[in-house]
Amino acid sequence: MIVLETQNLTKQFGGLTAVNAVSMTINQGDIVGLIGPNGAGKTTFVNAISGLNPPTSGKVTFFGEDTTGLTPEQMCKKGLSRTFQIPSPFPKMTAIESVMTASIFGNAPGVVKDPVQHSREMLDFVEFPMAEDVLSEQLNTVQLKRLDLARALASHPKLLFMDEMASGLSEGELSDIMRILDKISRKGISILMIEHIMQLIMAVCNRLLCIQFGTKIAEGPTQEVANDPRVTKAYLGSAD
């Protein structure tokens, strides 16, 4: 089953084309790595799909429905959730209160019978290392990313976007994230992850999409894309 499809998705900011006619597909059960050099347009592409910055042109289809230009709230209610490269929680809220915002407002009425218990289960699921009543402003970057992931999962997503979840992690913390990603996938949630850490990409992704200067240069099975000379050149440059 096709979960998400983009057709010639384009995002322009004035005279700058940040995303240039990118077409791609995510199937049910996929863990897709979105890779490319810094400034390639990866986050802009995700923002255009999720409604944060609607596309200039092109089409987004989510489970067969045209969702082009819908707001993030509307996309969330349809089953698309995300984490951010730099988490921005409500600083004076506790960890469990932050997750409860998604438990309550990210689901259709009646889906979550007990928001407190559901939020607690999400914190446990991502192995949040602190007490649930800790204030968000007291958390470090790694802890904030776990909190951001728990919040994203609290709205029962069918597709999860993750933006550089592994940046800044130690070797042990990277192994923990791999284990959590496996748990998420086994729940039937498809994943699109923006990531620069190739160790993680190669270990968990079954497909890759590589973009450079806003244009897709490769898409397909992980090993095939990783070995594509165009991808190598995008990251390392040419011998010339």
Side-chain angles (χ1 to χ4, degrees), residues 1-11 19-35 41-84 99 101-113 118 121-122 125-126 148-163 165 180-195 201 204-211 216 218-222 225:
M1 178 185 294
I2 295 177
V3 173
L4 178 79
E5 185 176 11
T6 68
Q7 299 174 15
N8 297 317
L9 200 70
T10 298
K11 180 61 182 180
V19 177
N20 184 20
V22 175
S23 298
M24 60 90 70
T25 301
I26 298 176
N27 298 304
Q28 193 163 27
D30 274 347
I31 303 180
V32 180
L34 176 54
I35 64 173
K42 301 183 295 295
T43 298
T44 303
F45 178 61
V46 167
N47 288 344
I49 296 171
S50 60
L52 196 60
N53 279 311
T56 306
S57 62
K59 184 177 180 180
V60 179
T61 306
F62 190 54
F63 284 99
E65 178 185 357
D66 186 352
T67 58
T68 312
L70 293 188
T71 66
E73 179 184 3
Q74 290 170 319
M75 292 301 293
C76 180
K77 293 289 178 64
K78 290 183 180 297
L80 173 62
S81 191
R82 65 176 297 182
T83 67
F84 292 85
V99 181
T101 60
S103 296
I104 295 170
F105 299 110
N107 292 284
V111 170
V112 177
K113 306 299 182 182
H118 179 62
E121 290 170 358
M122 293 302 98
F125 184 85
V126 303
D148 202 29
L149 182 56
R151 175 203 52 75
L153 292 171
S155 61
H156 293 92
K158 300 171 186 175
L159 174 62
L160 177 65
F161 287 170
M162 303 175 67
D163 196 343
M165 188 72 190
I180 294 169
L181 284 171
D182 181 63
K183 290 198 298 181
I184 294 171
S185 182
R186 283 191 276 112
K187 287 173 69 72
I189 301 171
S190 303
I191 299 171
L192 174 67
M193 54 190 300
I194 299 173
E195 194 54 69
I201 287 288
V204 304
C205 295
N206 65 302
R207 293 177 60 242
L208 296 182
L209 167 67
C210 182
I211 62 176
K216 181 175 79 172
E219 179 184 12
T222 296
V225 173

Just how far is it from atom [atom1] of [X] to atom [atom2] of [Y], taken to the nearest 0.5 Å?
X: M122; Y: L153; atom1: CE; atom2: CG; answer: 6.5 Å
X: S81; Y: H156; atom1: OG; atom2: NE2; answer: 11.5 Å
X: T56; Y: L9; atom1: OG1; atom2: CG; answer: 8.5 Å
X: T6; Y: F62; atom1: OG1; atom2: CZ; answer: 13.5 Å
X: S23; Y: N8; atom1: OG; atom2: CG; answer: 4.0 Å
X: T67; Y: L4; atom1: OG1; atom2: CG; answer: 7.0 Å

Looking at [X] and [Y], what are the two nearest heavy atoms and their distance?
X: G58; Y: T68; answer: O-CG2, 3.6 Å
X: A154; Y: V99; answer: CB-CG1, 3.8 Å
X: N206; Y: T222; answer: C-OG1, 3.1 Å
X: A152; Y: T83; answer: CB-CG2, 4.0 Å

Original post:
Between T43 and D163, is any side-chain donor less than 3.5 angstrom from a side-chain acceptor?
Top reply: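 Looking only at side-chain atoms, D163 and T43 do form a donor-acceptor pair, the distance falling under 3.5 Å.
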Original post:
Any salt bridge (Lys or Arg N to Asp or Glu O under 4.0 Å) pairs touching residues 181-190, not counting sequence neighbours?
Top reply: E127-K183, D182-R186
**OP:** Sequence neighbours left out, what passes side chain to side chain contact (heavy atoms under 4.5 Å, CB included) with K77? Give chain and number order.
**Re:** E73
Check whether any side-chain heavy atom of [X] sits under 4.5 Å from a side-chain heavy atom of [Y], and report yes or no.
X: L181; Y: I191; value: yes
X: K59; Y: D66; value: yes
X: K42; Y: E195; value: no
X: R207; Y: I31; value: no
X: V225; Y: E219; value: no
X: C76; Y: S155; value: yes
X: I26; Y: L159; value: yes
X: M162; Y: R82; value: no

Original post:
With L160, which of L149, L192, L80 fulfils side-chain contact (heavy atoms from CB on, under 4.5 Å)?
Top reply: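 The single option meeting the side-chain contact (heavy atoms from CB on, under 4.5 Å) with L160 is L149.
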**OP:** Using side-chain contact (heavy atoms from CB on, under 4.5 Å) as the criterion, point out the one residue from M24, K216, K11 that pairs with F45.
**Re:**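 Output: one option passes, namely M24.
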Subject >> Cation-pi check, K158 onto F63 ring (under 6.0 Å, within 45° of axis) >> reply: yes
